[in-house]
Every structure is written in structure tokens, then in C-alpha cells.
Number of protein chains: 2
Amino acid sequence: MTGNHPDTDGTQGLDPQQLGTYFVLMEAVSLLQHHVEQQLRAEGDISSVQFQLLARLAADDGQLTMTQLADGVVYSRSGLTYQAGLLEKAGLITRGSSPDDERATLVTITEKGLALVGGLLPGHIQVVRRLLLDPLTDDDLRQLGDIMTRVRDHMRAQPPRSAAPRKRPAGPTSPAPATTQH
Amino acid sequence: MTGNHPDTDGTQGLDPQQLGTYFVLMEAVSLLQHHVEQQLRAEGDISSVQFQLLARLAADDGQLTMTQLADGVVYSRSGLTYQAGLLEKAGLITRGSSPDDERATLVTITEKGLALVGGLLPGHIQVVRRLLLDPLTDDDLRQLGDIMTRVRDHMRAQPPRSAAPRKRPAGPTSPAPATTQH
DNA sequence: AGTTAGTGCTTCGAAGTTGAAGCATGTGGA
DNA sequence: TCCACATGCTTCAACTTCGAAGCACTAACT
């Protein structure tokens, strides 16, 4: 992108510093994700999505509703239904109705699921340490954590959609469906 | 992650600081990607993969081979064939044989493709600015760019796969296929 | 209570992604 | 030259992902 357009896009150009930081951030994370994916597939034969789901369950005392799970991992509801089906068939989780809310499905991690996560964690940690943590000083780590925390909180605080895209002019009296299903 | 497990959780060596930084980094990037995806779909009706491909072409003077393209964006070859088919059908790129190597397919961005990228760029930049850049000071930006550059270079320098990791007796049987395309 | 709107999850169809296999071309050694 | 192997891309089948529609249950308002 050599920026040869006269001024039609220069309204909010990014300087090289900003652009470079954005690119390298995305690229580095993409590479890290890829390595993690490989490790999990090779060692435990599960995808990183499945690992995240199991890890989340293990961390939260073993039981969550589908919605809580989907919100934790950035994931669509229908996608979660699919993955939960796989995990259940593999005997790593079980699903049951919640006593509080008859609609809710309570997902519970099994012993086998816990064992799998436990067995996979060391290798996972090793990959993260080797690829991400090793080249960072304690100071870097603090900085990075601080910065990304601020960015994440900022994003979470952002309104889902300030203005509706021009795709559908929307109904007469329906401003926003508010259903933010990733 | 309350860390109440004595030592069975295998968190050997990742203190809360490290773990938290890793998590928030992945989560923030995931959220950013999601927002970018939405913007591109709403404004230009293309996926972020397609945008990346077009942007790469635009940046590299308009012409690359399929392999060069796939390597630039972290993407499978077969997936690129599929996407290139879509982009060609949409009139955003053309494909032709290379004069140097009869096997190679030379991908060229069209005027229409260039126009689309140019038109989409401001909105894209706006999203990145609003979500990522706004909550950062100049100092943060430098720090972040510096840190992630170091991490990325470190990853690129890593050997692909020196030795197969030892398997844990936890998961279902997996013969560990060492196929590494990407 | 009765009706209306909201919430939680699943099903369904369409589209995207991948690795392995296959085809065509290029390269290096006997 | 011939042959084996490497390289570049595509095809194929299986799998994953998503959004919209649908079902079941809950909450709110009258």
C-alpha cells in the first residue's frame, strides 16, 4: 500500500509506527496460534477450540452453561453446540439441564476431560513459554499484559454497533436487535 | 484459574502474571479480528482473508504467484485456490501462467480490486484506530511494537520441529502425524 | 392468569477450510 | 536422453463454522 491515492483515504492514515505495530501484533499472534494448534493436535488430538472449552470448564470448577462457555471463548452458539456434541461423544464432558433454569444446559467436565487437560497443559505451557515468554523480560511481560488489558477492556466497553450498516434499513420501530451472537 | 490444585494442574512455571498476559493477548486479538471481520463484511462484502489477499497484492505491485500469496497470508494452498476462484469470479483479480515457470500461476489484481481495497481501507483503519490505537499512548505503541517484533522474530527463528514431544498417557490414541503444510 | 416479549439452546443449510491425492511441469543425476 | 524426484497448483471428501429459523422455557406487563 504505497498511499498513492490523492486524499480520498488520507483522512485517517496510519503512520508507519502504528501500521507496523498492528501488523506485527496480528502476525505474531497468528503464528503463535498456529504452533499451539499443532501441539494440541499432535499431543492430544483435539483442536484449540476444544482445549479452550475444556480448560475453561476445568478452571471454573467444572460446570458452566452453554452461554457462559460461548462467551468465555469467542465463539458462536451454534458452533458451541457442535463442539459440545463432539466432546460429549468423546466422553470429555456431559450435558444436563440446569435445576434453576429449565432452558439452560449445564456442561460438566468429566474425569477423563480433566485428565486430558492435565496431560496437555505441560506441553501447552512449554510451547507458550518457548515461543512467547522466552524472549520477554519481566518488564516486557508487565507492559504487554497492561497494554492488552487496557485494549481488551476498551473493546468490551465499545457499543456493539453505533450505527446499523446500510444492508437493511430496519423496521419502523426496531432500533437494534441487540443480539450479539459472535 | 484459582490455582487451588496442589501440583496436578501442571502449571509448573507459569505464574499468574504470565498466564494472564498470554490470555489477555489472545483474547484482545481475537476480539479485534472479529470487529475487523464485521467491518469488512458490512462495508465491502468480503472476508478478512480476501481483504488480506487483495491488500498483499496491492502492496506488492499487483502481481504474485499463488505460493507467494499463501505464504504471505498464513493460509493453506487449497484454501487459496478456493478464495482465488471467488476473487476471480468477482473480477477483483486475474490468473495466468507465468512465463518463467509454466507451473506457476501468476495472480494479478485488477483495477476493480485496487479500487475496492482503496475504498475499504479508510473504514478498516478507522476500526483499528478506534479499537486498538485509541487507548494507547505513543509510548505504549512503541513498547507493543517492539515487544511483538521481538516475539515474531523469535518464532520465525525457531526450528520447525526439532523433536517430537513426549506423549502423555491422557488422551485417545494419536499417532502424531507430523504433517506441516501451512 | 394470560399474553407478549425475552432467553437458552439446537437444527439446518450454505459457505469456508484443510490435508491428501492427483496432474502437470521443472530439475538433477546416471 | 531418460528417469526419479521435487515443485506449483487444483480437485476432492471430510470437517468446521456461521447465521437464521425454530423450539422450549422464563419474565414482564396487564
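Here is how names work: the chains are called A, B, and so on, in the same order as the sequence lines, proteins then strands, and each is numbered from 1. Computed from a prediction, not measured in an experiment: that's the story for all the values here.
- Taking atom OH on B:Tyr75 and atom P on D:dC9, their separation rounds to 16 Å, with Å as the unit.
- Taking a 4.0 Å limit (strictly below) on heavy-atom distances, residues 93-107 of chain A reaches DNA chain D at A:Asp101, A:Glu102, A:Arg103.
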query: Does the side-chain contact (heavy atoms from CB on, under 4.5 Å) test come out yes or no for B:Tyr22 and A:Leu133, once each step is laid out?
result: CA-CA 9 Å; B:Tyr22 168 54; A:Leu133 266 25; 5.5 Å; no

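- Placement of B:Leu106 and B:Leu69 in two distinct hydrophobic clusters is found when ILVMFWY residues are connected by side-chain heavy-atom separations under 4.5 Å, directly or transitively.
- For the pair A:Leu69 CG and C:dT10 P, the computed distance is 11 Å after rounding to whole Å.
- As a whole-Å value, the separation of B:Arg41 CZ from C:dA14 C1' is 13 Å.
- Residues B:Leu31 and B:Phe23 share a single hydrophobic cluster, defined by chaining ILVMFWY side chains whose heavy atoms lie under 4.5 Å apart.
- Side-chain atoms of B:Thr67 stay outside donor-acceptor range of the base of D:dG8, with no qualifying N/O pair under 3.5 Å.
- Across the protein-nucleic acid pair, B:Leu80 atom CG and D:dT10 atom P stand 8 Å apart, rounded to whole Å.
- Among the protein residues, A:Thr65 comes within range of the sugar-phosphate backbone only, with heavy atoms under 4.0 Å from sugar or phosphate atoms but none that close to a base.
- Nearest heavy atoms, B:Pro135 versus B:Arg130: CD-O, 4.4 Å.
- In this view, B:Asp100 and B:Ser98 satisfy the side-chain contact (heavy atoms from CB on, under 4.5 Å) rule, not counting sequence neighbours.
- The distance between atom CG of A:Leu64 and atom C1' of C:dG8, rounded to the nearest whole Å, is 15 Å.
- Between B:Glu37 atom CD and C:dA15 atom P the separation is 16 Å, expressed in whole Å.
- When all heavy atoms of A:Ile109 and A:Leu92 are compared, the closest pair comes out as CG1-O, 3.5 Å.
- Of the residues in residues 82-92 of chain A, those with a non-hydrogen atom less than 4.0 angstrom from any atom of DNA chain D are A:Tyr82, A:Gln83, A:Leu86.
- Between the side chains of B:Thr137 and B:Asp140, at least one donor-acceptor pair of N or O atoms lies under 3.5 Å.
- In this structure, the CZ atom of B:Arg77 is 17 Å from the P atom of C:dA21, given to the nearest Å.
- Ion pair B:Asp146/B:Arg150 flagged as a salt bridge, since at least one NZ, NE, NH1 or NH2 atom sits closer than 4.0 Å to an Asp/Glu carboxylate oxygen.
- The side chain of B:Ser78 sits closest to C:dT18 out of D:dC9, C:dC12, C:dT18.
- Between the CG atom of A:Leu53 and the P atom of C:dC9 there is a distance of 13 Å, rounded to whole Å.
- Heavy-atom minimum distance, B:Leu132 versus B:Leu136: O-CG, 3.3 Å.
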